[in-house]
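Start at 1 and go down the list; that is how both ligands and their atoms are numbered. Remember, predicted model here, so these are calculated numbers, not experimental data. Just so you know, residue 1 is the first one in the sequence shown, and it goes up from there. All values below come from the heavy atoms of this structure, side chains included, with hydrogens, waters and symmetry mates left out.
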Amino acid sequence: MADQPLIPPFGKKVHLEDYDPSFTNGMSKDDAKAREKKLEARMGELQEMLYAQGTQSLLVVLQAMDAGGKDGAIKHVFDAVNPQGVGVTAFKQPTPEELAHDFLWRVHPHVPPKGYIGIFNRSHYEDVLVVRVNQLVPQEVWEKRYEHINAFERLIAERGTRILKFFLHISRDEQKRRFQERLDDPSKQWKFAMGDLPIREQWDDYMKAYEAVLTRCHTEAAPWHVVPANKKWYRDLVITQSIVQALEEMEVRYPDPEPGLESVVIPD
Ligand code: AMP
Ligand code: MG
């Protein structure tokens, strides 16, 4: 397949079959890894400035099918950032208390405050993915959520949170390979759940649900990235690059020092 956009064009229906999960833009693994190392270091610097400046924040949303690489990406992309300035939230099946509220109730408290990077391992999008595929609520309820999500994301973006959303796109074959690896490797067996198999059977329904998300909740304020994720090294490079670019655009910088610092004498 020829060139493909990382960020789908706005206002057009996304068809995932147009996006090759094995795309690497002609890059070799060694080149990608070397480039990612450099960008990681830059991310560390930019994050420190984001924290010091304390006026903006960054939200990174990761969505994928099982074995799509969300955990691996978190581990590798954020190698060089100071853990003190980053928060990771993994969204699991909602508790009874969470289900007794609107679907965004449990999400809002985890939006990163000024100065911080927040990472969502799964997110409010589960409420139009797993919930839609399995009809966990009636269609008239999940159907309204796309607009609720757009309004929510607009709210936090307007208040100073830059939002980057990544769909880690793997092929069905690649998922099979990764599941098999989990079964065969004792250090990975804990990652395999019997419940992953029925979800794999719903692959096509999930792809449709993802296409709806990528089409209906894809805005300039909160764009989706369709990350070719069959190759882990390319996935990590693409995410790292996008985050660094966003932080550069946000013009994070150290705040001005207090006036008069040059004449301060530290007493003995
Ligand atoms: P994991 O990320 O592998 O630990 O699995 C978390 C599980 O929680 C996945 O099967 C998700 O689909 C499920 N989950 C997350 N959010 C929701 C939600 N809002 N409604 C139903 N299931 C959810
Ligand atoms: Mg899982």
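- Considering only heavy atoms from C-beta on, Tyr125 comes within 4.5 Å of Trp224 through its side chain.
- Residue Tyr51 belongs to a hydrophobic cluster whose other members are Tyr116, with links defined by side-chain heavy atoms closer than 4.5 Å.
- For atom 11 (C) of ligand 1, the nearest non-hydrogen atom from the set Gln93, Glu126, Lys92 comes from Glu126.
- Clustering of Ile, Leu, Val, Met, Phe, Trp and Tyr side chains at separations under 4.5 Å places Met194 together with Phe179, Leu183, Phe192, Leu197.
- Residue Val131 has at least one heavy-atom neighbour below 4.0 Å for each of these atoms of ligand 1: 20 (N).
- In this comparison of Arg106, His124, Lys70, the heavy atom closest to atom 17 (C) of ligand 1 sits on Arg106.
- Listed by number with element, the atoms of ligand 1 under 4.0 Å from a non-hydrogen atom of Asp127 are 19 (N).
- A heavy-atom distance below 4.5 Å is not found between the side chains of Phe103 and Val137.
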